[in-house]
Amino acid sequence: MKRTVIIFALLALLLSKPLFAHPGHDHSAPGAGLIHLLWLVPFIIAAVVVVFKEITAPKS
């Protein structure tokens, strides 16, 4: 398992930087804030679900 993680980390480091910053990735575009918010919504929902389950879990 550890070897697989190391291999994927090395592959990620070796990928071309222009691949990550393509020409269409414009943070000053009018809809950029909305697009980034839409990317974050699933993580926010998951965090809320985890916190809710922790709060409502019966204490033993």
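Please read these numbers as outputs of a predicted model, since none were measured by experiment.
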Measure across Glu54 and Lys59 and return the closest heavy-atom pair with its distance rounded to 0.1 Å. O-NZ, 3.7 Å
What's the spacing between Ile44 CD1 and Leu37 CG if we round to 0.5 Å? 6.0 Å
hydrophobic_cluster_shared for Phe52 and Phe43, side chain cutoff 4.5 Å: no
Pairing residues for Leu34 by the side-chain contact (heavy atoms from CB on, under 4.5 Å) criterion, not counting sequence neighbours: Leu38
